[in-house]
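Everything on this sheet refers to the single structure shown next.
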Amino acid sequence: MLDALTIAVAVSALALAAWCGFAAFRDQPTKDWHFIGMAVVSVLALAQLVVGVVQLARGERPEQGMTVFIAYLIGAFAAVPAAGFLSLTERTRWGSVTVAAGAVVLAVLEVRLYDIWGN
């Protein structure tokens, strides 16, 4: 895995979590700007998914098993978009809380992916 990409995804996810958490604190739902932030984080997670699949295709293997690694890659890619879709159904402050929680989950998944790969 690319360490710089893992760090970039985790930091951007935590920034998104803080931003949406602040919106929830101010009693605001997710807005268009939040969805742009979610798109940026999702593109970074997609880039990591592609890098992970390419490394697996080249014959590199994670220390803790390929199945677990692939499951975490897919989960990391899906965390923020799933939270974004849920926030569309809840147009109150709880939509912002949902996105903040999804972004924190992504950051934790990034740490776990780093561990699984064996760095």
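What you see below is based on every heavy atom in this structure, not just the backbone, and it leaves out hydrogens, waters and symmetry mates. Here the structure is a predicted model, which is why all the values come from computation and not from measurement.
Residues V43 and I36 are members of separate hydrophobic clusters, defined by side-chain heavy-atom contacts under 4.5 angstrom among Ile, Leu, Val, Met, Phe, Trp and Tyr. Following chains of ILVMFWY side-chain contacts shorter than 4.5 Å, one can reach V68 starting from L49, so the two form part of one hydrophobic cluster. Hydrophobic clustering of Ile, Leu, Val, Met, Phe, Trp and Tyr side chains at less than 4.5 Å, counting indirect connections, unites F77 with I74. Transitive grouping of hydrophobic side chains (ILVMFWY, heavy atoms separated by less than 4.5 Å) keeps V108 and L14 in distinct clusters. No single ILVMFWY cluster, assembled from side-chain heavy atoms under 4.5 Å apart, contains both V40 and V99.
Here the CD atom belonging to Q64 is positioned 10.5 Å from the CG atom belonging to L113, to the nearest 0.5 angstrom. A distance of 11.0 Å separates CZ of F85 from OG1 of T89, quoted to the nearest 0.5 Å. Between the NZ atom of K31 and the CH2 atom of W19 there is a distance of 10.5 Å, given to the nearest 0.5 Å. Atoms SG and CD, from C20 and Q28 in turn, are 10.5 Å apart once rounded to the nearest 0.5 Å. To the nearest 0.5 angstrom, H34 atom NE2 is 8.0 Å from L16 atom CG.
Listed here is the closest heavy atom pair of A17 and V104: CB-CG2, 3.7 Å. The two residues A13 and L106 come nearest to each other via the heavy atoms CB-CD2, 3.8 Å. Closest approach of I116 to G65, counting heavy atoms only: CG2-O, 4.2 Å. Shortest non-hydrogen contact noted between A79 and G102 is CB-O, 4.0 Å. Heavy-atom minimum distance, F35 versus S87: CZ-OG, 3.6 Å. Looking at every heavy atom in both residues, L73 comes nearest to V53 through CD1-N, 4.4 Å.
Using modelled atom types and a 3.5 Å distance limit, the side chains of Q48 and T6 yield a donor-acceptor pair.
With sequence neighbours left out, the salt bridge (charged side-chain N to carboxylate O under 4.0 Å, His left out) criterion links R58 to E60. Checked against side chain to side chain donor-acceptor pair (under 3.5 Å), S96 has no partners two or more places apart in sequence or in another chain.
When the shell of 6.0 Å around CG of D32 is examined, it contains 12 or fewer heavy atoms from other residues, nucleotides or ligands.
R112 contributes no side-chain N or O that, together with a main-chain N or O of Y72, makes up a donor-acceptor pair within less than 3.5 Å. At distances below 3.5 Å, at least one donor-acceptor pair connects side-chain atoms of R93 with backbone N or O atoms of A24. Counting only distance, with no hydrogens or angles, the side chain of R61 and the backbone of W117 share no donor-acceptor pair below 3.5 Å.
The side-chain contact (heavy atoms from CB on, under 4.5 Å) with V9 is formed by just one residue from the set L46, L109, V80, L44; it is L44.
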